[in-house]
Amino acid sequence: MAASSSNLPEGVDKEQAFGMAATEMEYRVELFNRLTQTCFNKCVDKRYKESELNMGENSCIDRCVSKYWLVNGIVGQMLSAGRPPM
Amino acid sequence: MAASSSNLPEGVDKEQAFGMAATEMEYRVELFNRLTQTCFNKCVDKRYKESELNMGENSCIDRCVSKYWLVNGIVGQMLSAGRPPM
Amino acid sequence: MAASSSNLPEGVDKEQAFGMAATEMEYRVELFNRLTQTCFNKCVDKRYKESELNMGENSCIDRCVSKYWLVNGIVGQMLSAGRPPM
Amino acid sequence: DGLPEEDKVRMATMIDQLQMRDSLRMYNSVVERCFNDCVDNFSRKSLQKQEETCVMRCAEKFLKHSMRVGMRFAELNQGAATQD
Amino acid sequence: DGLPEEDKVRMATMIDQLQMRDSLRMYNSVVERCFNDCVDNFSRKSLQKQEETCVMRCAEKFLKHSMRVGMRFAELNQGAATQD
Amino acid sequence: DGLPEEDKVRMATMIDQLQMRDSLRMYNSVVERCFNDCVDNFSRKSLQKQEETCVMRCAEKFLKHSMRVGMRFAELNQGAATQD
């Protein structure tokens with residue numbers, strides 16, 4: 001992220017802080033959205049015979065979220081090994 | 001959208017108004033883009049034997065747009081039933 | 001892009017310049033990302049028997065990037081023929 | 001907490017706007033998904049009854065799914081996940 | 001209409017920029033689609049003649065499609081849609 | 001070059017933030033892709049050993065792929081591409 005030197009005009013660092021907070025939030029939202037779409041594809045019957053999730057779908061969803069979270073962790077570790085951390 | 005109280009510094013409400021206008025426009029653009037991609041997938045022959053849309057494709061497109069619009073309305077009603085309106 | 005008349009308040013043209021620079025960067029990033037995803041789909045074996053790219057995959061990737069670039073050029077020419085250039 | 005009032009307001013506004021943008025995107029994605037899964041016949045402009053039913057079930061199912069994922073996701077974010 | 005001149009200019013600038021961003025995205029998506037539909041052989045770096053023809057037809061077809069959808073979409077936005 | 005110092009700083013900040021956003025998106029897309037390609041069994045909450053191996057190879061392969069594409073892309077941007 002570089003560049004947080006000291007004698008800048010005051011407004012700049014503040015902009016940067018707001019920008020980073022927005023970037024961080026966007027990242028989490030995107031993670032959640034991809035996880036949601038992916039687990040729907042993997043677990044939910046697309047014939048839509050009813051509007052409830054049945055028991056099999058519900059437990060598939062729980063496990064899918066858990067596994068997605070673990071995969072996220074593994075990939076995160078690999079990426080942060082190669083690069084400077086955020 | 002909460003928070004449009006009265007004794008804020010004047011700049012904030014204006015920022016908010018510009019932000020909401022941008023969000024609204026982005027929504028419409030995304031709706032149009034998804035509709036366009038979806039109806040191309042449903043209606044257009046991908047062998048590309050010519051560069052014109054034939055009559056069958058054209059009427060499929062018209063009906064596809066109409067149906068997508070109706071689906072958009074149904075889902076919108078369902079969502080706004082559960083939540084506070086925009 | 002219209003509207004860069006002369007007697008505007010000074011801040012506006014500067015905002016516009018920053019905005020255009022950001023738009024241009026986002027375009028290049030998106031081009032790169034789509035190219036990367038597409039060529040991975042076309043060239044890389046998804047069974048992941050090893051973590052190296054083999055020789056066949058590597059030369060497929062090089063040619064895929066080259067062809068994607070050419071397709072980008074063709075479509076760009078067609079679009080700019082119909083519309084005012086950026 | 002040490003933030004000036006003006007910055008707190010601005011941060012809250014930003015969060016509101018990101019959430020609004022996010023729900024609109026989710027809305028768009030549900031429409032696309034349910035249209036794709038439920039509508040395949042283009043001999044008419046209007047929806048057939050069973051297409052309508054399919055769309056409503058699809059959207060409801062997706063919303064329930066999304067809420068369940070949200071709960072599990074929140075648990076994991078708080079490190080409250082249990083083993084197998 | 002009651003907006004000060006400065007805000008009108010800013011709004012117009014914002015709309016210009018969103019439209020520019022949108023056309024660039026559309027351009028990127030056409031390239032990806034037509035590449036995917038038309039190019040499948042990677043024994044050479046250059047495009048074969050029939051791949052080039054396919055790409056040009058694909059892009060032209062997509063543009064015509066997009067314009068047609070735009071017209072229908074505008075009609076629906078204005079509530080001018082007719083029945084079946 | 002003629003830009004005032006303040007604008008240069010602002011431009012650099014903008015580039016930093018776009019790059020940060022872009023790497024996070026790339027990260028999210030690798031996770032989704034490798035999950036999709038490697039995980040298909042949901043009888044347990046934890047990853048099986050061969051799923052884990054698959055995910056790691058997938059991510060590593062994607063990163064190497066991405067770096068190679070980056071190099072070729074940069075060459076083309078500089079007009080340094082050779083024929084066939």
Side-chain angles (χ1 to χ4, degrees), chain B residues 1-5 7-9 11-39 41-43 56-84 86, chain D residues 1 3-71:
Chain B
M1 283 306 276
S4 88
S5 73
N7 49 2
L8 298 179
V12 171
D13 275 336
K14 195 182 275 183
E15 284 316 305
Q16 210 166 341
F18 276 111
M20 283 194 58
T23 302
E24 164 78 14
M25 273 195 61
E26 280 172 26
Y27 160 71
R28 294 196 166 277
V29 164
E30 198 192 335
L31 169 59
F32 177 77
N33 287 345
R34 286 181 184 260
L35 191 169
T36 306
Q37 302 290 344
T38 300
C39 291
N41 292 336
K42 296 267 190 193
C43 295
E57 289 169 329
N58 273 331
S59 66
C60 179
I61 292 166
D62 291 351
R63 289 163 185 161
C64 182
V65 174
S66 166
K67 285 189 153 194
Y68 199 97
W69 183 265
L70 294 169
V71 169
N72 192 60
I74 292 176
V75 176
Q77 278 192 325
M78 288 182 57
L79 291 187
S80 64
R83 304 166 183 220
M86 177 170 171
Chain D
D1 337 295
L3 282 180
E5 193 57 28
E6 194 191 316
D7 288 352
K8 279 190 207 156
V9 172
R10 200 177 143 200
M11 183 63 84
T13 304
M14 190 182 83
I15 291 175
D16 275 354
Q17 289 191 344
L18 289 175
Q19 276 175 346
M20 174 55 62
R21 199 176 66 179
D22 181 46
S23 352
L24 290 173
R25 279 194 191 154
M26 204 268 278
Y27 170 31
N28 268 325
S29 82
V30 175
V31 172
E32 183 181 355
R33 170 184 293 278
C34 296
F35 183 89
N36 266 320
D37 288 354
C38 297
V39 183
D40 257 320
N41 178 313
F42 299 99
S43 55
R44 294 189 156 226
K45 253 183 159 180
S46 51
L47 287 172
Q48 290 169 267
K49 192 65 203 156
Q50 94 270 19
E51 289 172 329
E52 213 175 301
T53 311
C54 178
V55 164
M56 290 176 68
R57 286 181 184 156
C58 168
E60 210 174 320
K61 230 171 166 175
F62 190 88
L63 290 181
K64 283 172 185 158
H65 166 73
S66 176
M67 278 164 47
R68 188 170 189 101
V69 171
M71 278 168 21

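So that the names make sense, note that chain A is the first sequence line, chain B the second, and so on, each numbered from 1.
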(request) Using a strict 4.0 Å threshold on nitrogen-to-oxygen distance, state whether B/Asp62 and D/Lys45 make a salt bridge. (result) no

(message) Taking D/Arg10 first and then D/Glu6, would you say they form a salt bridge - that is, a charged N and a carboxylate O separated by under 4.0 Å?
(response) no

(request) Let me know if B/Glu30 has heavy atoms under 4.5 Å from chain D in its side chain, its backbone, both or neither. (result) both

(request) Please flag which part of D/Glu51 lies under 4.5 Å from any non-hydrogen atom of chain B: side chain, backbone, both or neither. (result) side chain

(message) Taking side chain as everything from C-beta outward and backbone as N, CA, C, O, which of these in D/Val39 sits under 4.5 Å from a heavy atom of chain B? Side chain, backbone, both or neither.
(response) both

(message) Is the shortest side-chain heavy-atom distance between D/Tyr27 and B/Leu31 below 4.5 Å?
(response) no

(request) For chain B, find which of D/Arg25, D/Glu5, D/Glu52, D/Gln19 contributes the most heavy-atom pairs closer than 4.5 angstrom. (result) D/Arg25

(request) Would you indicate whether D/Cys58 and D/Cys38 have their SG atoms under 2.5 Å apart? (result) no

